[in-house]
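Remember, it's 1-based here, ligands and their atoms both numbered in the order they're listed.
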Amino acid sequence: MPNILFAARPERWTLYEPHLREALAEAGLAHAVLTTEADPSEVDYIVYAPNGPVTDFTPYTRLKAVLNLWAGVEDVVGNDTLKAPLARMVDYGLTEGMVEWVTGHTLRHHLGMDAHIHGQDGVWRAGIVPPLARDRTVAILGLGALGSGCAAALAGLGFHVTGWSRTPKQIEGVRTEHGPDGLQDILKSAEIVTLLLPDTPATENTLNADTLSLMPRGAVILNPGRGALIDDDALLAALDSGGIGHATLDTFRIEPLPADHPFWAHPKVTVTPHIASETRVESAARVIVENIRRGEAGQPFLHLVDRTLGY
Ligand code: NDP
């Protein structure tokens, strides 16, 4: 009988409990003990989110796995007290939400919507028709669960889509590159760049003064990935010089973004408060329970994190 500790903020328990119980019953694990408090030495699985009650995993001596509620694991991956396998969240609801956010913000810039939303001044500016998607190159940095979904959706709309990852990838309708040289190649042609990389030592400041300068003048950046992927000062300088035309930022080095941060007031920055997407309770509960089922059946866990790579 597996003991499952739900170690996240209490309000999440109210949301998750019924869906976890339903999924456990569907998986034939209705007898599992699902709780928010347990003797650490008797816990088999921890359902984990940052800022919850567990920071030291040492007392959890029979832990079979930690199942992260979020896609990003930067808050737990470096925890030396964690010896058990760590799985991250790959949830189709989370992916759907991200695809919609990235598609929406890409279309905003592609179609030049701001000119009409902010420009109702009585002047009839005829003749400026938006280009077709097939004449626009958009790049996705990070071709994992989220990035590959966004790349496929944008390719489906007709965009010329390029993508970059650590290891080689093949996605239908997407030109892919990998490694440091591949990044330079991708950025040189990218008119709209979306960052969906994880926050790791290797990805910090992926966009910096050097890489920003490779992009076509006036290119747009969308960052629903993580704040640390961009050198903030280099981005502000590139926006001020016109090298970069606009940045729509959903993630920041410090969240909430401090009220006096220059991003808030910058005319070429759109701030969204880390809402690009989120784990969806119903589908995520099934992902969590599938991994518990696998653990109990002696099968390999899904979505395991490589602790040395940090994602
Ligand atoms: P995955 O782990 O599935 O994908 C990560 C991608 O990044 C992979 O393609 C990987 O390459 C690539 N990558 C990692 N390191 C490097 C590197 N050094 N150089 C080049 N490419 C690299 O993650 P997800 O797609 O599930 O999520 C991506 C991120 O999105 C999360 O880590 C999180 O930070 C963010 N996120 C943001 C949300 C929001 O609301 N703003 C919501 C959810 C997630 P490879 O394929 O070769 O391994």
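Distances shorter than 4.0 angstrom occur between a heavy atom of Arg226 and an atom of ligand 1. In this structure, Thr200 falls outside the shell of residues with a heavy atom less than 4.0 angstrom from ligand 1. Ligand 1 lies out of reach of Asp199, whose nearest heavy atom is not under 4.0 Å from it. Residue-ligand proximity: Leu196 is placed with a non-hydrogen atom under 4.0 Å from ligand 1. Not a single heavy atom of Trp70 sits less than 4.0 Å from an atom of ligand 1.
Listed by atom number, the atoms of ligand 1 under 4.0 Å from Thr203 heavy atoms are 15 (N), 16 (C), 17 (C), 18 (N). Within ligand 1, counting atoms from 1 as listed, the ones closer than 4.0 Å to a heavy atom of Thr251 are 41 (N). When each atom of ligand 1 is checked for a heavy atom of Leu197 under 4.0 Å away, the hits are 7 (O), 12 (C), 13 (N), 21 (N), 22 (C), 29 (C), 34 (O). Per-residue contacts place Asp250 under 4.0 angstrom from the following atoms of ligand 1 (heavy atoms of the residue considered): 39 (C), 40 (O), 41 (N). The atoms of ligand 1 that sit less than 4.0 Å from any heavy atom of Gly144 are 1 (P), 3 (O), 4 (O), 6 (C), 8 (C), 9 (O), 25 (O).
Taking a cutoff of 4.0 Å between a charged side-chain nitrogen and a carboxylate oxygen, Glu290 and Arg293 qualify as a salt bridge. Checked for salt-bridge contact, Glu17 and Arg12 miss the test: no charged N lies under 4.0 Å from a carboxylate O. With salt bridges taken as basic N to acidic carboxylate O contacts below 4.0 Å, none links Glu296 and Arg294.
Around CD of Glu11, the count of heavy atoms belonging to other residues, nucleotides or ligands within 6.0 Å exceeds 12.
In this structure, His261 has its ring center no closer than 6.0 Å to that of Phe252.
A side-chain N or O of His274 and one of Glu255 form a donor-acceptor pair less than 3.5 Å apart. A donor-acceptor pair shorter than 3.5 Å cannot be found between the side chains of Glu42 and Tyr60. In this structure, a donor-acceptor pair under 3.5 Å is present between the side chains of His110 and Arg136.
Checking only distances, Pro224 does come within under 3.5 Å of ligand 1, N or O to N or O. Here's the thing with Ala202: none of its N/O atoms is less than 3.5 angstrom from an N/O atom of ligand 1. In terms of polar-atom proximity, defined here as any N/O pair under 3.5 Å, Leu146 does make such a contact with ligand 1. Of the polar atoms of Arg88, at least one N or O is found under 3.5 Å from an N or O of ligand 1, judged by distance alone. An N or O contact shorter than 3.5 Å links Arg166 to ligand 1 by distance. For ligand 1, one of its N or O atoms has an N or O atom of Lys169 under 3.5 Å away. Between Ser277 and ligand 1, an N or O atom pair is found at a separation short of 3.5 Å.
Counting heavy atoms under 4.0 Å from ligand 1, residue Met98 touches it through the side chain alone.
Between Val269 and Leu249 the shortest side-chain heavy-atom distance falls below 4.5 Å.
Using modelled atom types, one side-chain atom of Asp91 and one backbone atom of Arg280 make a donor-acceptor pair closer than 3.5 Å.
Here the straight-line distance linking atom CG of Leu214 with atom NZ of Lys188 works out to 6.0 Å at 0.5 Å rounding.
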